[in-house]
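First the proteins, then the strands, lettered A, B, ... as listed; each starts at 1.
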Number of protein chains: 2
Amino acid sequence: MSENVGRWLRDEIENSILSNEFSPGERLDETVLATRFGVSRTPVREALMQLDAIGLIEIRPRRGAIVIDPGPHRVYEMFEVMAELEGLAGSLAARRLDKASREAITATHSRCEQSAAAGDSDAYYYDNEEFHKAIYAAGRSEFLEEQCLQLHRRLRPYRRLQLRVRNRLSTSFSEHCAIVDAIFAGDGDEARRLLRAHVGIQGERFSDLVASMAAR
Amino acid sequence: MSENVGRWLRDEIENSILSNEFSPGERLDETVLATRFGVSRTPVREALMQLDAIGLIEIRPRRGAIVIDPGPHRVYEMFEVMAELEGLAGSLAARRLDKASREAITATHSRCEQSAAAGDSDAYYYDNEEFHKAIYAAGRSEFLEEQCLQLHRRLRPYRRLQLRVRNRLSTSFSEHCAIVDAIFAGDGDEARRLLRAHVGIQGERFSDLVASMAAR
DNA sequence: GTCAATGATCGTGTATACAAGAATTGCGTT
DNA sequence: AACGCAATTCTTGTATACACGATCATTGAC
């Protein structure tokens with residue numbers, strides 16, 4: 001419980017939103033949250049203000065906080081930006097790769113291979129996350145890494161949905177292979193191009209996304 | 001005063017930080033701020049929490065808030081990301097340009113031309129900002145536009161410093177011309193490339209930045 | 001003389017009280 | 001029966017009070 005109730009609440013509520021426990025559009029009542037978590041309204045408000053600043057909820061003056069519903073189009077836009085940032089991270093990684101980062105990428109990559117081979121989409125979901133994080137870190141840009149991690153968190157639920165799509169696991173992994181090759185070869189432009197394509201939602205993948213969002 | 005003291009304070013303190021009224025590293029005392037703005041500590045705290053979430057200040061538990069000092073290297077990283085986002089906005093703008101956006105870009109572009117010709121770096125600073133915002137808007141991606149605007153705000157002070165460098169005005173404007181041409185020609189890749197180069201801090205421009213940051 | 005420990009003081013973290021605005025419900029009128 | 005107005009209630013916004021932790025200074029010991 002992190003020494004600070006406000007911080008803790010922020011993470012707690014954030015997780016609840018991202019795990020869809022609080023649905024988009026739902027109103028977050030300060031008093032309800034306060035009693036639910038056994039604290040007063042003050043830290044709850046502070047948590048809500050932070051979530052508002054991050055963009056997860058919207059606080060309408062005198063009218064309470066509601067969970068923001070991104071909607072398919074906005075989620076698409078977010079993936080578009082994510083693709084761009086990951087592309088940059090990949091190109092930096094290709095240029096700046098050092099031993100430690102190389103090993104981290106190799107390790108997470110082979111874990112992805114195992115889960116993909118086993119067809120375990122939940123395990124792959126987790127390993128895939130670690131793989132991408134290893135690339136963020138390899139870029140050696142703290143700011144970029146933070147931005148990537150933040151956006152990654154917000155898109156996490158949708159990434160998970162995407163993996164459920166048929167054949168996505170093996171497709172995803174073979175894309176990973178090409179990305180790793182490009183980064184290890186020091187080919188920044190290629191790594192950027194491949195990561196953009198890997199993360200972005202082109203063509204039928206958008207309708208897949210819409211379908212899986214509607215399915216919830 | 002925006003109907004909401006917390007919001008108002010957030011903007012007020014944010015501006016004070018960005019305009020360097022509160023120096024990096026400086027400690028922000030809640031009580032002092034409260035009396036200074038004639039309010040109680042509660043809205044001050046809420047404002048600070050938001051600024052912390054945005055990344056402008058850091059709140060260390062039980063030890064108060066301090067203004068974050070990005071340092072040259074981190075500022076460089078931020079420009080790197082900004083360049084990438086603006087590149088994306090430019091490429092989208094080239095593909096999706098409509099009449100209204102085209103007119104907005106033309107209008108702000110010609111205003112830049114005038115201030116550049118007049119050698120008025122303060123006017124150019126403002127017009128340049130509007131020009132870039134017109135491109136963000138032309139990309140037709142709300143999320144991307146928000147991200148660009150947010151990062152732009154944080155980098156605003158440094159952009160201003162950069163314009164003070166000798167010849168930067170005319171160089172900047174001629175780069176604008178090429179960017180406008182690419183966007184109007186519908187050449188997304190070229191617009192992206194030019195914007196990345198325009199916004200990013202390559203070569204000697206990094207030392208210019210460091211010098212101007214040190215000069216404050 | 002310097003370093004450490006202990007107490008005082010100051011500032012943050014949380015709770016609660018109070019005020020003001022928005023929503024809802026009930027009553028009256030058409 | 002439906003619409004509108006008013007009053008009540010519920011929720012948010014702000015202030016204040018209190019408690020706990022951190023920092024700093026002072027004093028004592030080595």
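Checking C:dA20, D:dC20, D:dT14 against every side-chain atom of B:Ser40, the shortest atom distance belongs to D:dT14. Residue B:Thr31 has its side chain nearest to C:dT12 when only C:dT12, C:dT14, D:dT14 are considered. Of the candidate nucleotides C:dA22, D:dG21, D:dT14, C:dA22 has the atom lying nearest to any side-chain atom of A:Arg63. With distances taken from any side-chain atom of B:Glu46 to the nucleotides D:dT14, C:dT14, C:dG13, the minimum falls on D:dT14. Checking D:dT12, D:dT16, C:dT14 against the side-chain heavy atoms of A:Arg41 singles out D:dT12 as nearest. Between D:dT14, C:dT14, D:dT12, one nucleotide has an atom nearer to the side chain of A:Asp29 than all others, and that is D:dT12.
Environment of CD in B:Glu142: sparse, with no more than 12 heavy atoms of neighbouring residues, nucleotides or ligands closer than 6.0 Å.
Atom CD in A:Glu30 sits about 15 Å away from atom C1' in C:dT14, given to the nearest Å. Look at CD1 on A:Ile59: it is 7 Å from P on D:dG13, rounded to the nearest Å. With rounding to whole Å, A:Met49 atom CE is found 11 Å from D:dT12 atom C1'. Atom CD of A:Glu58 and atom C1' of D:dT12 are 15 Å apart (whole Å). B:Ile66 has its CD1 atom 15 Å from the C1' atom of C:dT12, to the nearest Å. The interatomic distance linking B:Gln50 (CD) with D:dG13 (P) rounds to 11 Å, in whole Å. One atom, CG of B:Leu48, and another, P of C:dG13, lie 10 Å apart when rounded to the nearest Å. Rounded to an integer number of Å, the gap from CG of A:Asn4 to C1' of D:dA22 is 15 Å.
Contact annotation: side chain of A:Arg7 to base of C:dG13, donor-acceptor pair absent below 3.5 Å. Side-chain N/O atoms of B:Thr42 and base N/O atoms of D:dT16 include a donor-acceptor pair closer than 3.5 Å.
Under the 4.0 Å criterion applied to side-chain N and carboxylate O atoms, B:Glu21 and B:Arg36 are assigned as salt-bridge partners. Classification of B:Arg156 and B:Glu129 as a salt-bridged pair holds, one side-chain N sitting under 4.0 Å from a carboxylate O. Taking 4.0 Å as the cut-off between side-chain N and carboxylate O, A:Asp98 and A:Arg140 count as a salt-bridged pair.
Side-chain contact of A:Tyr136 with A:Glu146: a donor-acceptor pair under 3.5 Å is absent, judged by distance alone.
One finds no side-chain N or O of A:Arg62 lying less than 4.0 angstrom from the OP1 or OP2 phosphate oxygen of D:dC10.
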